[in-house]
Amino acid sequence: MARQKIIKDDGSSLSRTNPNNKKIKIHNKSDVPDNIVEKQNEMIKKCLSIEAQLPDFLFDYFLYLKNSVALSTRLAYLSDLIFYCHYLISESPLMAEFEFESPREIPLELFAKITARDVNLFIGDFCTRYIVETENADYIMENHNRALARKKSSISVLFKFLYRDQLIESNITEGFNPIKLPKPQPDAIKRLEIEEVALMLDTVENGTGLSDKEKQYWEKTKRRDKAILVLFTTYGLRVSEVQQLNLSSINYARGEFKIYRKRGKEANMPLNRSALAVIDDYIKLERPNCIENGDPLFLSLQGKRMTVRTLRELVKKYTSIAMQAPRHAGYSPHKLRATAASSLIQYGFSIYDVQNLLDHDNVTTTQLYSAHKKDAKRDVVNNYELLDEYQKRKNEK
């Protein structure tokens with residue numbers, strides 16, 4: 001089946017349903033906010049752009065991904081696949097005698113000749129360390145086992161599908177080498193101590209630890225920044241969940257706000273007094289209130305929705321001050337998610353309640369934070385004096 005051309009000669013991308021590259025307007029009849037729909041549309045465009053660069057015999061596979069996995073997973077699998085196809089053209093001995101200019105030219109007959117050993121060489125040898133050449137510099141790219149396992153998963157799904165649809169004769173995934181992933185260690189979890197959270201909030205309130213240049217921005221954004229940090233450390237939200245928040249996400253009558261989680265899940269989060277206070281303070285005293293600003297809750301100084309990158313930089317700045325560390329050593333928003341989990345468990349909330357709040361698929365993930373209580377090892381050892389117990393039992397005899 002022929003597909004419409006997605007990439008123009010100048011390299012810009014087009015949507016299948018928008019061949020003239022006109023401005024896209026959202027006609028939204030669902031209760032999902034327009035900004036979520038727009039973000040999903042951008043991801044779909046990226047998927048279509050990659051699909052247009054791949055062979056036509058993979059069309060049914062594209063349809064399979066579209067209907068069976070999350071949109072983010074679909075994009076990740078397609079990105080890994082186009083990377084693998086470029087490797088086949090430029091590095092694989094299997095196609096050395098051919099001069100393909102693009103992955104689209106690879107025929108099914110050659111794809112069917114790929115063996116498990118070929119894939120093992122790609123993942124275990126090539127992907128561990130390779131060089132990306134650009135006009136300005138050559139970049140050494142290294143992948144550790146977690147990244148290699150993701151690439152292996154992407155390729156495994158592809159070849160299982162091709163075998164299921166009888167496009168290849170055998171299921172080569174049975175011969176893929178295993179990749180051992182390190183078990184998460186509770187002691188290695190990076191998060192702020194409760195005292196450091198207090199220091200971070202003190203910094204955002206008073207500007208302590210900020211440079212003169214940083215204070216110029218802080219004066220205009222301190223209420224916004226405080227609201228963001230309180231949401232991160234209270235609810236353990238993901239950075240995308242904070243970035244996508246709107247004014248319309250907040251339901252004051254019910255005392256809750258709606259977030260959109262991974263895999264398209266929706267969740268209503270109750271507003272406690274602390275969160276409500278900082279959000280109200282920001283909206284009433286600092287957030288620009290004009291129609292041009294639209295629905296986004298957290299705005300940049302330019303009056304536009306804050307980007308994920310800006311949120312990461314904001315968190316890194318304030319966490320570095322709290323830890324008395326250089327700016328580059330500050331934590332990511334995900335470390336504040338770990339901070340929230342550990343703090344809630346330290347305050348006595350059950351693992352299952354914290355699991356539900358943080359949207360962990362498996363309770364074993366939450367258990368990692370329960371094992372990371374402050375001074376847990378010291379408390380155990382101090383409350384178990386072996387010699388005292390031995391002497392006590394001896395005297396009882």
Side-chain angles (χ1 to χ4, degrees), residues 1-7 9 11 13 46-66 68-69 73-135 138-181:
M1 181 182 296
R3 286 171 287 145
Q4 294 181 7
K5 187 175 181 181
I6 307 299
I7 304 299
D9 293 336
S13 62
K46 290 180 181 178
C47 289
L48 295 176
S49 176
I50 295 174
E51 289 174 2
Q53 302 171 57
L54 291 167
D56 281 332
F57 68 80
L58 292 172
F59 180 81
D60 287 342
Y61 175 66
F62 303 151
L63 188 62
Y64 165 77
L65 291 182
K66 179 180 178 181
S68 62
V69 300
T73 304
R74 175 188 172 193
L75 179 57
Y77 281 6
L78 289 171
S79 299
D80 287 340
L81 177 53
I82 192 70
F83 180 78
Y84 180 55
C85 287
H86 280 297
Y87 160 82
L88 291 175
I89 292 174
S90 61
E91 302 290 337
S92 174
L94 187 67
M95 302 187 186
E97 61 181 286
F98 303 95
E99 295 183 358
F100 297 127
E101 294 184 0
S102 71
R104 256 184 90 73
E105 300 176 13
I106 301 175
L108 175 59
E109 292 74 18
L110 285 180
F111 224 81
K113 292 182 179 180
I114 296 173
T115 65
R117 183 175 184 276
D118 295 324
V119 176
N120 289 334
L121 286 173
F122 166 68
I123 295 174
D125 183 37
F126 180 80
C127 285
T128 54
R129 187 178 183 275
Y130 57 92
I131 296 176
V132 175
E133 298 179 353
T134 67
E135 293 182 1
D138 292 345
Y139 295 90
I140 298 175
M141 310 296 291
E142 290 192 354
N143 288 306
H144 297 292
N145 280 16
R146 192 171 298 279
L148 296 177
R150 213 289 300 277
K151 293 184 184 299
K152 175 189 171 185
S153 176
S154 300
I155 296 175
S156 295
V157 170
L158 168 66
F159 279 99
K160 285 179 181 178
F161 174 85
L162 295 177
Y163 175 68
R164 189 202 73 177
D165 272 27
Q166 300 180 345
L167 294 176
I168 57 177
E169 294 182 356
S170 60
N171 181 13
I172 66 171
T173 62
E174 296 175 353
F176 289 1
N177 290 337
I179 298 177
K180 185 177 180 180
L181 294 177

Trainee: To the nearest 0.5 Å, what is the distance between CG (Leu121) and OH (Tyr87)?
Mentor: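 Here the rounded value is 6.0 Å.
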Trainee: For the residue pair Leu181 and Ala149, what are the closest heavy atoms and their distance?
Mentor: CD2-CB, 4.1 Å
Trainee: Specify whether Phe176 and Phe159 have parallel, tilted or perpendicular ring planes, treating 30° as the upper limit for parallel and 60° as the lower limit for perpendicular.
Mentor: perpendicular
Trainee: Can you confirm whether more than 12 heavy atoms, excluding those of Leu63, are under 6.0 Å from its CG atom?
Mentor: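 Yes.
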Trainee: Do you know the tightest heavy-atom contact between Leu94 and Leu110?
Mentor: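 Scanning both residues completely, I find the closest heavy atoms to be CD2-O, 3.9 Å.
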Trainee: Determine the minimum heavy-atom distance between Val119 and Ile155, stating which atoms define it.
Mentor: CG1-CG2, 4.0 Å
Trainee: Verify side chain to side chain contact (heavy atoms under 4.5 Å, CB included) between Phe122 and Ile114, making sure each step is shown before the conclusion.
Mentor: CA-CA 11 Å; Phe122 166 68; Ile114 296 173; over 6 Å; no
Trainee: Keeping Asn177 on the side-chain end and Asn120 on the backbone end, is there a donor-acceptor pair under 3.5 Å?
Mentor: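 Side chain of Asn177 to backbone of Asn120, a donor-acceptor pair under 3.5 Å: no, none is there.
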Trainee: Between the main-chain N or O of Tyr77 and the side-chain N or O of Asp80, is there a donor-acceptor pair closer than 3.5 Å?
Mentor: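 No, Asp80 side chain to Tyr77 backbone: no donor-acceptor pair under 3.5 Å.
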Trainee: Heavy-atom count around Arg164 CZ within 6.0 Å, excluding the residue itself: above 12?
Mentor: yes
Trainee: A side-chain contact here means heavy atoms from C-beta on lying under 4.5 Å apart; do Ile82 and Pro103 qualify?
Mentor: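 Yes, their side chains come closer than 4.5 Å.
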Trainee: How many angstroms lie between atom CD1 of Ile106 and atom CZ of Phe100, to the nearest 0.5 angstrom?
Mentor: 6.5 Å
Trainee: Enter the distance from Met95:CE to Leu88:CG here, rounded to the nearest 0.5 Å.
Mentor: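 The distance works out to 4.5 Å.
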Trainee: Nearest heavy-atom pair of Val69 and Arg74: which atoms, and what distance?
Mentor: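 Answer, listing the atom of Val69 first, then Arg74: CG2-N, 3.7 Å.
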Trainee: What do you reckon, are the aromatic ring centroids of Tyr130 and Phe83 less than 6.0 Å apart?
Mentor: yes
Trainee: Show the nearest heavy-atom pair for residues Lys180 and Asn145, with the distance to one decimal.
Mentor: O-ND2, 2.7 Å
Trainee: Is any side-chain heavy atom of Thr73 closer than 4.5 Å to a side-chain heavy atom of Leu65?
Mentor: no
Trainee: Is there a side chain to side chain contact (heavy atoms under 4.5 Å, CB included) between Arg104 and Asp56 once you walk through the steps?
Mentor: CA-CA 7 Å; Arg104 256 184 90 73; Asp56 281 332; 3.4 Å; yes
Trainee: Step by step, work out the side chain to side chain contact (heavy atoms under 4.5 Å, CB included) result for Leu162 and Leu58.
Mentor: CA-CA 9 Å; Leu162 295 177; Leu58 292 172; 4.2 Å; yes
Trainee: Are side-chain heavy atoms of Leu167 and Phe111 found at a separation under 4.5 Å?
Mentor: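 Answer no - side chains too far apart.
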Trainee: Are the side chains of Ser153 and Arg150 in contact, using a 4.5 Å heavy-atom criterion?
Mentor: no
Trainee: State, with a plain yes or no, whether a side-chain heavy atom of Thr173 is found less than 4.5 Å away from one of Tyr163.
Mentor: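 A side-chain contact under 4.5 Å is absent here.
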Trainee: Any side-chain heavy-atom pair from Leu78 and Phe62 closer than 4.5 angstrom?
Mentor: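 Yes. Closest side-chain heavy atoms under 4.5 Å.
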Trainee: What's the separation between atom OG in Ser92 and atom NZ in Lys113, rounded to the nearest 0.5 Å?
Mentor: 12.0 Å
Trainee: Are Asp60 and Phe161 close enough that some pair of their side-chain heavy atoms sits under 4.5 Å apart?
Mentor: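 Yes, close enough: below the 4.5 Å cut-off.
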Trainee: What do the steps show when you test Ile172 against Asp118 for side chain to side chain contact (heavy atoms under 4.5 Å, CB included), and what is the final call?
Mentor: CA-CA 10 Å; Ile172 66 171; Asp118 295 324; over 6 Å; no
Trainee: Of all heavy-atom pairs between Cys85 and Leu54, which one has the smallest distance, and what is that distance?
Mentor: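 Closest approach of Cys85 to Leu54, heavy atoms only: SG-CD2, 3.8 Å.
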Trainee: Can you tell me how far CD of Glu51 sits from CG of Leu81, rounded to the nearest 0.5 angstrom?
Mentor: 9.5 Å
Trainee: Nearest 0.5 angstrom please: Glu99 CD to Ile89 CD1, how far?
Mentor: 11.5 Å
